[in-house]
Student: 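Got a structure for you, questions after.
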Amino acid sequence: MQLAAFPRAPLAHLPTPLEPMASLSKHLGGPNLYIKRDDCTGLATGGNKTRKLEFLIGDALEAGADTVITAGAIQSNHTRQTAAAAAKMRLKCEHILVHPEKEHGSEYIFGGNVLLNRILGAELNYLDPGDDVLSAMQKRAESVRASGGVPYIIPIGGSNPIGALGYVGAAHELEMQADLLGFKIDCVVTATASGSSQSGLVVGFLGSSRAPRIIGFNVYLDDSVVQAHVLEVAVAAAELVGIRGGVPDDTVVVDGAYRGTGYGEPTDEMVEALGLLARFEGIVLDPVYTGKAFAGLINRIREGFFRASDNVVFLHTGGIPELFVYRSSFEKLTGVPST
Ligand SMILES: *Cc1c(COP(=O)(O)O)cnc(C)c1O
């Protein structure tokens with residue numbers, strides 16, 4: 001499996017640290033918890049999209065593009081990391097941002113990742129109600145072409161087989177780090193939404209004699225939709241890197257039990273999980289993705305899903321800028337009313 005054969009833009013600080021969480025493991029009475037710090041990938045506050053963008057931007061440059069176009073929710077971390085990657089590689093960057101159905105305050109509309117997107121110089125377009133994201137991106141691409149530019153469309157979350165290559169690499173990196181630290185990883189836990197982080201991890205561990213179980217806590221759409229998408233991207237990514245024999249269905253485990261009432265909707269379990277990690281390890285999660293995935297992990301531990309001797313790696317996929325637009329969700333933890 002040769003990742004070196006693919007064009008790649010040097011964007012991420014790699015390898016990211018793999019650290020034991022000794023205090024929290026002790027507090028919970030096992031398993032042995034570790035955290036993979038992909039919140040420290042280095043690009044404009046980091047996160048998981050940076051690994052994908054190394055390959056996506058590499059492909060865009062190889063294709064001779066001068067403008068990247070992508071899309072996401074208003075507080076999308078993916079758009080922010082894409083804007084930063086584009087700036088560094090001297091590409092123009094355009095976003096299609098999708099308004100949530102619910103009303104939100106001005107912090108949500110202008111703060112967090114939106115502020116960073118503007119600082120990074122991305123052009124922000126808002127999706128017209130009734131329009132769909134893909135056709136909106138294609139329309140922008142046509143107008144770039146009409147003015148003599150070369151557009152490159154990156155899907156939501158960077159989730160296609162090329163983006164997944166970033167997490168094929170992350171799986172190899174994890175295996176190497178665990179070897180150096182002298183333990184075998186029994187389980188990797190991640191937040192899953194657009195899916196290609198999990199797809200890449202699944203593909204990266206295919207065929208390894210020490211392949212861990214991988215659990216994706218789905219924070220996005222219905223489990224069946226997300227599971228199908230993770231598998232579809234994994235199958236295509238496996239083909240891309242030349243793995244024969246396909247991807248067994250049972251390697252793609254998607255659990256949406258901790259999503260709550262919907263994408264981006266805070267839950268009590270998320271607030272509790274975020275507080276636990278902060279107060280035992282000094283590491284901060286985000287409310288939309290990693291907080292809910294960590295709540296899923298805590299619940300599995302309390303249900304006795306793991307043996308006390310298991311080595312479990314939580315993948316921290318970033319998302320810190322959106323924490324600051326969810327201030328009012330943390331009253332229980334902070335003791336301070338939000339208004
Ligand atoms: C995008 C994102 C995820 C989900 O990753 P996918 O590859 O889209 O499934 C998880 N955590 C954070 C912080 C993200 O920004």
Side-chain angles (χ1 to χ4, degrees), residues 12 16 35-41 43-56 70-85 98 112-113 116-117 154-171 188-204 214-221 223 225-234 237 252-256 258-259 263-264 270 273-274 277 283-297 314-326:
T16 58
I35 188 162
K36 175 67 168 163
R37 301 295 305 271
D38 273 16
D39 56 322
C40 301
T41 50
L43 194 66
T45 78
N48 62 336
K49 305 311 181 304
T50 300
R51 285 188 193 266
K52 307 186 197 188
L53 286 161
E54 287 206 322
F55 290 95
L56 290 161
T70 196
I74 290 203
Q75 284 297 335
S76 151
N77 301 297
H78 162 69
T79 60
R80 178 251 312 162
Q81 285 159 90
T82 303
V98 184
N113 283 311
L116 291 175
N117 265 321
I154 296 177
I156 286 186
S159 277
N160 63 16
I162 294 174
L165 296 178
Y167 275 85
V168 174
V188 177
V189 170
T190 183
T192 290
S194 71
S196 66
S197 302
Q198 188 174 352
S199 311
L201 288 174
V202 166
V203 171
I214 296 163
I215 301 174
F217 284 108
N218 163 31
V219 301
Y220 190 40
L221 306 173
D223 282 357
V225 174
V226 172
Q227 207 267 351
H229 190 61
V230 173
L231 185 60
E232 182 192 322
V233 173
V252 176
V253 176
V254 166
D255 178 355
Y258 304 93
R259 179 182 44 210
Y263 173 75
M270 175 279 288
L274 202 141
L277 189 65
I283 297 171
V284 181
L285 298 169
D286 84 288
V288 178
Y289 302 93
T290 54
K292 287 182 179 177
F294 206 69
L297 172 58
F314 181 76
L315 176 65
H316 192 335
T317 43
I320 299 313
E322 6 107 358
L323 175 63
F324 300 102
V325 306
Y326 279 86

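Throughout, numbering of the chain's residues begins at 1 and tracks the sequence. Values below: every heavy atom of this structure, side chains too, minus hydrogens, waters and symmetry copies. Whatever order the structure lists them in is the order used to number ligands and atoms, beginning at 1.
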Student: Anything under 3.5 Å between an N or O on ligand 1 and a protein N or O? List each pair with its distance, or write none.
Tutor:
| unit_1 | atom_1 | unit_2 | atom_2 | d |
| --- | --- | --- | --- | --- |
| ligand 1 | 5 (O) | N48 | ND2 | 3.0 |
| ligand 1 | 7 (O) | K52 | NZ | 2.6 |
| ligand 1 | 7 (O) | S197 | N | 3.0 |
| ligand 1 | 7 (O) | S197 | OG | 2.7 |
| ligand 1 | 8 (O) | S194 | N | 2.9 |
| ligand 1 | 8 (O) | S194 | OG | 2.5 |
| ligand 1 | 9 (O) | A193 | N | 2.7 |
| ligand 1 | 9 (O) | S194 | N | 3.3 |
| ligand 1 | 9 (O) | G195 | N | 2.8 |
| ligand 1 | 11 (N) | T317 | OG1 | 2.6 |
| ligand 1 | 15 (O) | K49 | NZ | 3.0 |
| ligand 1 | 15 (O) | N77 | ND2 | 3.0 |

Student: Are a donor atom and an acceptor atom from the side chains of D38 and T16 found within less than 3.5 Å of each other?
Tutor: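 Per modelled atom types, D38 and T16 side chains form a pair under 3.5 Å.
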
Student: On the six-membered ring of Y167, is R51 placed so that its NZ or CZ lies under 6.0 angstrom from the centre and within 45° of the ring axis?
Tutor: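 Verdict for Y167: a cation-pi partner in R51.
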
Student: Keeping S196 on the side-chain end and S199 on the backbone end, is there a donor-acceptor pair under 3.5 Å?
Tutor: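 The answer is no, because no donor-acceptor pair under 3.5 Å joins these two groups.
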
Student: Heavy-atom distance under 4.5 Å between the side chains of L323 and P287, does that happen here?
Tutor: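 Answer yes - side chains close enough.
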
Student: Check for a donor-acceptor pair, side chain of Q198 on one end and backbone N or O of T192 on the other, with a separation under 3.5 Å.
Tutor: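 Checked: no pair found.
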
Student: Using ring pair (Phe, Tyr, Trp, His ring centres under 6.0 Å) as the criterion, list what pairs up with Y263, not counting sequence neighbours.
Tutor: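 Testing Y263 for ring pair (Phe, Tyr, Trp, His ring centres under 6.0 Å), a comparison that skips the adjacent residues, returns Y220, Y289.
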
